2 protein chains.
Amino acid sequence: MSSDQARKTSEEKTVTGPISDAEGIDFDLIEQLFFAYRDFTSDPDAILEKSGFGRAHHRVVHFVNRQPGMTVADLLDTLRITKQSLARVLKQLVDSGYIHQVVGPKDRRQRRLYPTLKGRELALELARPQSRRIAKALSALDPQGRDMVRTFLQGMTDTD
Amino acid sequence: MSSDQARKTSEEKTVTGPISDAEGIDFDLIEQLFFAYRDFTSDPDAILEKSGFGRAHHRVVHFVNRQPGMTVADLLDTLRITKQSLARVLKQLVDSGYIHQVVGPKDRRQRRLYPTLKGRELALELARPQSRRIAKALSALDPQGRDMVRTFLQGMTDTD
DNA sequence: AAAATATGTCAACAAGGCTGACATATTTGA
DNA sequence: TCAAATATGTCAGCCTTGTTGACATATTTT
């Protein structure tokens with residue numbers, strides 16, 4: 001038994017076999033997701049360092065560009081972070097001219113968020129390497145396979 | 001033009017249209033990945049709170065269970081974090097009896113990492129909801145589609 | 001015996017989560 | 001109309017988890 005080694009330094013029972021086959025759980029896929037996302041975010045991270053921003057800024061820039069005119073509340077819902085966490089990065093993006101706040105046209109309590117030209121350009125710059133990576137990954141698939149990937153990712157997401 | 005609102009509070013040019021169609025970049029998929037991963041990690045996060053651990057602990061527990069006997073250096077390579085970041089969480093896991101260190105059988109400088117029974121159980125508990133989520137997402141696909149998802153995720157990952 | 005390697009540890013710092021409390025402006029509803 | 005609810009901003013402070021750089025120890029390699 002290979003647990004001889006374990007007994008050398010302690011009487012605690014250690015487990016020497018991989019977990020892979022337990023309960024029919026797909027550990028491979030769990031892991032694949034981790035690696036894919038780790039590398040997916042590493043591209044923009046490198047770019048962000050230049051501007052002194054982080055991943056949190058990226059998310060804000062992305063969603064404001066996707067949905068110009070969205071409110072702060074919309075953004076909080078999307079990111080699922082607290083007001084204070086958002087406020088910090090949002091303020092920096094507004095102060096440095098990437099995002100612009102406009103008083104709501106109907107409801108003047110709202111602050112509608114819009115990208116500036118600079119903000120649009122940053123969003124594009126960050127999206128390019130991610131898009132390249134996705135295109136490469138999808139290139140191994142036929143159109144049907146690409147739809148399946150979309151279906152899968154939607155199925156992974158909570159519906160609310 | 002809807003940029004009238006923007007001009008109200010500043011002379012900075014704002015962009016009012018969504019970025020979606022620019023440069024043929026697949027913003028939908030970029031976003032889907034974010035949402036999928038956000039929700040994928042939310043399940044174990046809730047469980048981890050009970051033990052007072054965080055996402056970093058989860059990763060360590062996962063990989064040590066996947067590859068019992070792996071060295072600290074292996075783990076650093078896998079997680080792509082620094083020695084100090086790992087040391088902190090690893091120490092906590094060792095001290096609270098989830099992971100066990102064994103002096104390397106060939107090279108006594110190494111510390112081989114093994115899960116304890118408690119560590120194996122935690123890994124399973126954390127993997128269960130993730131597995132459920134994946135199973136649900138894959139259930140919409142045929143066997144071929146499931147292979148495509150795997151191919152896609154591998155294509156998203158750096159090969160090194 | 002010296003150099004390289006694997007690991008651990010210390011101090012310090014930064015990003016980005018969190019909480020709770022409170023202020024302001026504005027809209028809504030009784 | 002006036003009180004309550006809402007949208008946002010802000011302050012102070014905390015925690016986790018990432019970072020760097022330096023240095024210590026044990027062990028292996030050359």
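These numbers come from a predicted model, not from an experiment.
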- Report the C-alpha distance between A:F53 and A:Y98 in whole Å, list the side-chain angles of each, state the deciding distance to 0.1 Å, and finish with yes or no for ring pair (Phe, Tyr, Trp, His ring centres under 6.0 Å). CA-CA 11 Å; A:F53 291 144; A:Y98 291 90; 5.3 Å; yes

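Across residues 67-78 of chain A, A:T71, A:V72, A:A73 each have a non-hydrogen atom less than 4.0 Å from an atom of DNA chain D (numbered order).
Taken to the nearest 0.5 Å, the OG1 atom of B:T78 stands 8.0 Å off from the CD atom of A:E31. Distance CG/B:L33 to CG/B:D26: 9.5 Å, rounded to 0.5 Å.
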- Produce a footprint string for nucleotides 17-30 of chain D: one letter per nucleotide, 5' end first; B if the base is under 4.0 Å from any protein heavy atom, S if only the sugar-phosphate is, - if neither. BBBB-----BBS--

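Ion pairing between A:R38 and A:D45 fails under the 4.0 Å rule for side-chain N and carboxylate O.
A straight line from CG of A:L90 to P of C:dA15 spans 17 Å, rounded to a whole angstrom. In this structure, CG of A:L93 is placed 10 Å from P of C:dG16, rounded to the nearest angstrom. As a whole-Å value, the separation of B:R38 CZ from C:dG17 P is 13 Å. If you take CZ of B:R112 and C1' of C:dT7, they are 14 Å apart, rounded to a whole angstrom. Across the protein-nucleic acid pair, A:E49 atom CD and C:dA14 atom P stand 15 Å apart, rounded to whole Å.
Of the residues listed (B:F63, B:F40, B:Y37), the one engaging A:F34 in a ring pair (Phe, Tyr, Trp, His ring centres under 6.0 Å) is B:F63, and it is the only one.
Judged purely by distance below 3.5 Å, without hydrogens or angles, the side chains of A:R132 and A:Q130 never pair a donor atom with an acceptor atom. A:Q110 and A:R112 share a side-chain donor-acceptor pair at under 3.5 Å.
Looking at B:K136, its side chain does come within 3.5 Å of a backbone N or O of A:G155 through a donor-acceptor pair.
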